[in-house]
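To find a chain, count down the sequence lines: A is the first, B the second, and so on, and within it residues start at 1. We use all heavy atoms of the structure for the numbers below, so side chains are in, but hydrogens, waters and symmetry mates are not. All figures in this text were calculated on a predicted structure; none of them were measured in a lab.
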Protein chains: 2
Amino acid sequence: MPLGDRGGDKSEARFCGVETEFSDDIPEVITFNLSTGKFDFVVAPLTDPSYRPSLVPKNSFGSAAPPFAGSDLVLSPSQWSSHVVGKISSWIDLDSEDETVRIDSETTLRQELAWASHLSLQACLLPAPKGSTCANYARCVNQILQDLSNMQLWLRIPLVLHDDDVTSTDSNSATLVDSWETWNSFRLLCEHHSQLSVALDILSTLPSANSLGRWFGESVRAAIVNTDSFLTNGRGYPCLSKRHQMLITRFFNYNIQIIISGNSGHAKASVGVVDSRSGADSQRHPLRPYLEYVGHLYQKLDPLPEQERFELGYRDYLQSPLQPLMDNLEARTYETFEKDAMKYIQYQRAVSKAMLDMIPDNEASVKTLVLMVVGAGRGPLVRASLQASEETGRKLKVYAVEKNPNAVVTLHALVRLEGWEDTVTIVSCDMRYWNAPEKADILVSELLGSFGDNELSPECLDGAQRFLKPGGISIPSSYTSFIQPVTASKLYNDVKAHKDISHFETAYVVKIHNAARLAPCQSVFTFTHPKPADDRESNERYKKLHFTLPNDTGSAMVHGFAGYFDATLYKDVHLGIEPLTATPNMFSWFSIFFPLRTPICVKPGSKLEVDFWRCCGPKKVWYEWCVTSPSPSPIHNSNGRSYWPLLITVRSRKRLNLR
Amino acid sequence: MPLGDRGGDKSEARFCGVETEFSDDIPEVITFNLSTGKFDFVVAPLTDPSYRPSLVPKNSFGSAAPPFAGSDLVLSPSQWSSHVVGKISSWIDLDSEDETVRIDSETTLRQELAWASHLSLQACLLPAPKGSTCANYARCVNQILQDLSNMQLWLRIPLVLHDDDVTSTDSNSATLVDSWETWNSFRLLCEHHSQLSVALDILSTLPSANSLGRWFGESVRAAIVNTDSFLTNGRGYPCLSKRHQMLITRFFNYNIQIIISGNSGHAKASVGVVDSRSGADSQRHPLRPYLEYVGHLYQKLDPLPEQERFELGYRDYLQSPLQPLMDNLEARTYETFEKDAMKYIQYQRAVSKAMLDMIPDNEASVKTLVLMVVGAGRGPLVRASLQASEETGRKLKVYAVEKNPNAVVTLHALVRLEGWEDTVTIVSCDMRYWNAPEKADILVSELLGSFGDNELSPECLDGAQRFLKPGGISIPSSYTSFIQPVTASKLYNDVKAHKDISHFETAYVVKIHNAARLAPCQSVFTFTHPKPADDRESNERYKKLHFTLPNDTGSAMVHGFAGYFDATLYKDVHLGIEPLTATPNMFSWFSIFFPLRTPICVKPGSKLEVDFWRCCGPKKVWYEWCVTSPSPSPIHNSNGRSYWPLLITVRSRKRLNLR
């Protein structure tokens with residue numbers, strides 16, 4: 001029975017499981033935990049825990065099957081698959097120095113996973129690696145992963161980081177216990193295999209927030225909450241600490257399933273008191289109060305805001321610059337973007353401030369400003385400008401320059417409809433080739449990409465600048481791109497699935513969700529308009545950035561960089577998606593993701609040094625990027641061999657009439 | 001004029017160059033240095049060193065060419081190509097914080113390399129990176145490398161390692177200056193590009209031997225020896241210290257060209273005294289005494305031993321396990337291997353000792369031992385066994401088991417020719433299916449691969465063991481494989497050129513030459529025959545190895561592992577290729593090379609931990625390997641997906657009748 005029903009949310013996190021002991025009567029296990037206990041699934045051992053292959057007499061070899069918990073006859077494959085996560089024997093230790101234990105462990109792991117595959121289980125829980133090394137465990141799991149059909153393997157990892165040593169710069173310190181390192185070794189040995197993920201064991205003490213944050217960029221599927229981690233509330237019921245509650249809530253938002261584990265240790269949980277909240281049968285399953293508490297946390301979640309509901313389908317979905325999707329959605333695309341009210345409010349504010357600065361009160365009735373909207377589309381910036389004129393009482397003459405002839409048709413209709421014929425002149429022309437009849441006081445444009453300049457706004461505005469009066473104003477007056485390092489194993493795996501280098505040398509537009517932002521953003525490239533007189537001719541840029549991860553993070557994996565922009569429209573009026581200063585309720589831009597071909601592990605105390613270039617050739621503009629510290633990566637996208645921004649959207653292609 | 005003529009050696013190292021100053025009369029530069037000076041080529045600047053693009057007046061842009069040293073009209077392209085290595089302006093600094101310097105440097109680098117390409121130069125010398133970072137320099141060079149036809153780029157790197165800090169475990173120490181790190185960053189940023197190599201600047205002090213050793217695994221093309229590094233001998237002539245002499249000699253052996261650089265600073269070099277050694281015209285070129293000294297070192301080289309001459313063509317040539325070459329060379333292959341006298345001498349010694357142990361003197365005339373040669377081929381081990389019998393006066397009855405029917409024909413002819421009919425029985429049969437008429441006292445085989453067990457000797461001998469008497473002897477009685485980490489950029493690049501993962505998950509037979517052996521060998525897998533009664537059934541193995549690089553090495557790149565074997569034939573008689581204990585004058589085996597998909601940089605003080613597995617499935621046997629520290633690599637060759645030893649040679653395929 002799902003934990004609750006949150007509007008629009010179809011997350012797996014609605015389902016809650018329970019870890020059980022071995023029983024050879026698996027139908028009874030299901031009945032007790034699902035019907036009586038109201039859990040959604042069980043995490044149940046597949047084999048009798050006392051079984052050891054080496055203790056089976058040699059002569060019975062090949063005849064006797066291992067003591068499995070139940071066959072596909074007592075429970076149908078579809079029941080197995082929907083109700084049971086297989087729990088691999090927890091005694092196994094594939095890196096034991098005792099060779100008998102090691103070989104017994106290998107045999108058992110293979111037998112159980114083969115059996116789980118036979119039963120079509122959706123997932124199996126692998127016990128946590130026991131020692132400081134896990135190479136042989138990873139080798140066997142990796143071998144099995146090569147041929148596994150759909151089953152997920154959840155590696156159990158206790159959520160442990162001993163904080164006492166994280167400020168030390170000596171990363172070889174033997175006393176620093178960070179279970180993330182175990183996970184990291186294991187998944188590197190298994191090459192980020194997409195069917196290998198994590199089940200976190202939540203203990204009563206939690207590591208620091210920065211350290212916890214790393215896990216939200218990893219492939220975590222489940223969180224196992226031990227009953228020992230629960231406190232007892234005033235009424236004798238189990239509850240969780242504030243920090244634990246926040247963590248569970250965050251798990252819900254990241255689609256991570258909760259599994260209750262352990263014995264009932266709370267008065268009101270273990271004694272069979274009839275509970276008015278949950279009905280009479282709650283007394284029968286000792287862990288039901290824990291489930292109800294988790295359900296309570298789920299039901300307390302705020303409903304998803306409309307914008308997030310809209311974006312849900314785009315979460316972590318890489319938009320490839322080569323997909324021609326937008327070609328056919330042109331009119332709808334205009335319509336979607338025009339709905340972004342916040343964006344046009346900011347433009348209107350900027351135009352208002354600029355007009356007030358250019359025309360003092362006493363000249364308001366006599367002076368008319370020339371304003372040109374370059375890239376007018378279906379007219380939203382024209383409307384914003386005219387509203388600014390009305391709001392300020394300053395007079396305006398508007399040129400709306402647009403090269404898409406279809407949009408120009410709509411513009412003409414709009415002007416007639418609104419009665420703007422005396423104020424607005426429509427110019428059906430490429431801004432670069434337009435022979436303007438007069439010069440503008442104000443140039444308004446919105447040519448920004450997720451990374452600011454990546455849709456070639458600098459190149460377009462350089463062309464338009466020739467019809468701006470000296471002292472004239474460009475809105476936006478400048479824009480800056482930002483990046484920050486992220487752990488984002490899902491994005492990395494999606495890029496890797498293409499099995500070529502060029503996809504790793506491409507920047508993607510994506511609503512980044514399943515990611516850990518490891519350090520605050522830093523600015524990359526800035527462009528100012530109109531271009532200052534002393535500026536270099538070139539729009540090439542080079543920036544070297546140094547990131548430092550917070551000391552209590554522990555080691556972390558950098559899969560790439562999340563990119564954003566912030567634009568100054570005019571003076572204090574800005575527009576942007578840089579997380580700390582993002583304009584609220586704006587949905588026109590997702591962030592951008594620059595992947596790394598080989599993820600880079602950053603240890604505590606070591607610096608992350610990154611170089612970004614914006615390169616301009618005679619026919620194209622592109623980015624190159626690399627990491628130089630802690631260890632040098634290859635330079636990505638040399639000569640723009642894999643990706644150049646001109647291809648990023650059809651919009652920019654249309655603008656510059658290329659390809 | 002080449003430095004000398006060493007029998008069989010066609011190495012580039014015979015040619016010696018000289019670094020010159022800028023001159024706009026390049027024909028005169030060539031005449032003076034090549035005709036008068038007897039150098040083989042010049043390393044000459046291509047552009048006037050005072051040229052700066054930013055100082056060229058804007059209005060002359062596009063009309064005036066940069067001040068190049070000479071055009072393709074004063075010297076033909078073939079003269080340019082054979083006599084000149086282009087020296088890129090040494091003032092350039094592409095990572096300067098001064099943007100004008102940086103952009104001037106980028107422009108100059110591009111102009112000069114484009115010009116050098118136009119002249120079809122074979123190589124250009126790039127100046128050493130100036131600061132602690134080289135990202136932008138590497139980015140520009142990498143861009144140029146993407147489109148470069150055949151020209152080599154030699155990055156100048158001073159041979160510097162300040163020893164004072166190498167014992168510190170703090171690898172972030174700012175006072176540790178190791179120029180190898182600069183090279184390593186540069187080539188990682190440029191992805192090990194095969195046209196990017198090193199020109200080492202040899203200074204008057206040299207780093208430690210271990211530190212120097214790293215360079216012999218790197219792509220070093222030239223060594224620039226400054227005249228300041230020379231001493232003056234008793235007669236006033238330039239000479240080099242003992243360590244410098246050894247280094248130059250090693251350069252010769254690694255095909256590295258010497259370039260003399262600097263001013264003449266020695267009495268007998270600068271004054272125009274007629275020198276009896278070199279003729280009257282030596283007085284005209286001030287650096288000629290230095291050239292003569294280098295020539296003297298070259299002529300002092302020992303002539304190449306015959307075995308090395310034979311192996312010259314195989315140096316660093318990866319033998320792919322998939323190449324069917326040996327299929328057609330079967331008879332010749334037998335012939336080649338039979339010439340390896342040392343191998344058969346060792347077998348004869350082993351058989352002799354075993355016979356003496358099995359038959360005391362007083363039984364010599366009455367007892368006859370049964371000896372079986374399994375895999376007899378064309379009979380060399382039969383011969384060795386019979387010679388042992390003669391040498392010891394012990395009697396022998398020999399079975400020669402061979403499954404190649406062509407070799408059996410030769411065996412019959414041999415037996416007739418030698419009159420062995422009474423002693424030797426030829427069995428044309430697969431040893432695994434042979435129904436032996438009696439059991440053997442001694443089982444002789446040679447089924448060893450470069451890595452010992454990699455041609456499936458264990459599996460073959462398990463099959464043959466059933467016809468060995470209890471207490472019988474197997475020759476060999478055991479064998480062990482060994483590995484050591486190596487820097488081997490050439491091998492790495494050759495594997496990388498295939499552009500797929502499976503070539504990185506393959507072990508290659510190769511005469512490893514251009515490599516740095518970073519730590520002593522360690523043993524991996526051991527097999528003993530006959531198999532001890534208490535042995536596990538399986539021939540699977542797992543070994544974890546810890547390597548420590550010598551403290552004074554500095555950081556080093558591990559491109560993979562060189563593998564060897566050593567076999568105990570009987571008691572103290574062994575046979576093997578492990579470098580420290582290798583049997584001399586034996587050429588039957590080259591070493592084996594296990595590559596790493598991503599080379600791993602090992603810093604001073606950090607340990608290198610490596611795991612190797614030998615895995616056995618129902619139909620195949622294969623290795624898997626990985627690095628777990630300093631950072632985990634993927635597990636290579638999971639499930640034998642890319643490579644399994646059965647394919648390594650036709651020999652093993654034939655033996656087991658597979659595929």
Separation between [atom1] of [X] and [atom2] of [Y], rounded to the nearest 0.5 Å:
X: B/Tyr542; Y: A/Ile103; atom1: OH; atom2: CD1; answer: 12.0 Å
X: A/Asn639; Y: B/Leu145; atom1: CG; atom2: CG; answer: 10.0 Å
X: A/Leu188; Y: B/Ser633; atom1: CG; atom2: OG; answer: 8.5 Å
X: B/Lys499; Y: A/Ile501; atom1: NZ; atom2: CD1; answer: 8.0 Å

Give a yes or no on whether a salt bridge exists between A/Arg641 and B/Glu191, defined as a side-chain N under 4.0 angstrom from a carboxylate O.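 Between B/Glu191 and A/Arg641 there is a salt bridge, with a charged N closer than 4.0 Å to a carboxylate O.
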Residue B/Gln143 versus chain A: region with a heavy atom under 4.5 Å: both
Tell me, side chain or backbone of B/Ser631 under 4.5 Å from chain A's heavy atoms, or both, or neither? neither
Considering only heavy atoms, which portion of [X] lies under 4.5 Å from any heavy atom of chain B: side chain, backbone, both, or neither?
X: A/Cys615; value: side chain
X: A/Lys544; value: side chain
X: A/Asp95; value: side chain
X: A/Asp611; value: side chain

Looking at A/Val627 and B/Leu189, what are the two nearest heavy atoms and their distance? O-CD2, 4.0 Å
Closest heavy-atom contact between A/Ile635 and B/Ala135?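 Nearest pair, atom of A/Ile635 first, then B/Ala135: CD1-O, 4.2 Å.
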In terms of heavy-atom pairs under 4.5 Å, which option from [options] contacts chain A the most?
options: B/Ala138, B/Cys601, B/Pro634; answer: B/Pro634
options: B/Arg102, B/Arg139, B/Glu609; answer: B/Arg139
options: B/His636, B/Arg187, B/Gln146; answer: B/Gln146

Looking at chain B, which one of A/Asp147, A/Asn136, A/Thr598 has the largest number of heavy-atom pairs inside 4.5 Å, strictly under? A/Asn136
Partners of B/Lys130 by salt bridge (charged side-chain N to carboxylate O under 4.0 Å, His left out), sequence neighbours excluded?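 Testing B/Lys130 for salt bridge (charged side-chain N to carboxylate O under 4.0 Å, His left out), a comparison that skips the adjacent residues, returns none.
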Test side chain to side chain contact (heavy atoms under 4.5 Å, CB included) applied to A/Ser96 - qualifying residues, sequence neighbours left out: A/Asp93, A/Asp98, A/Val101
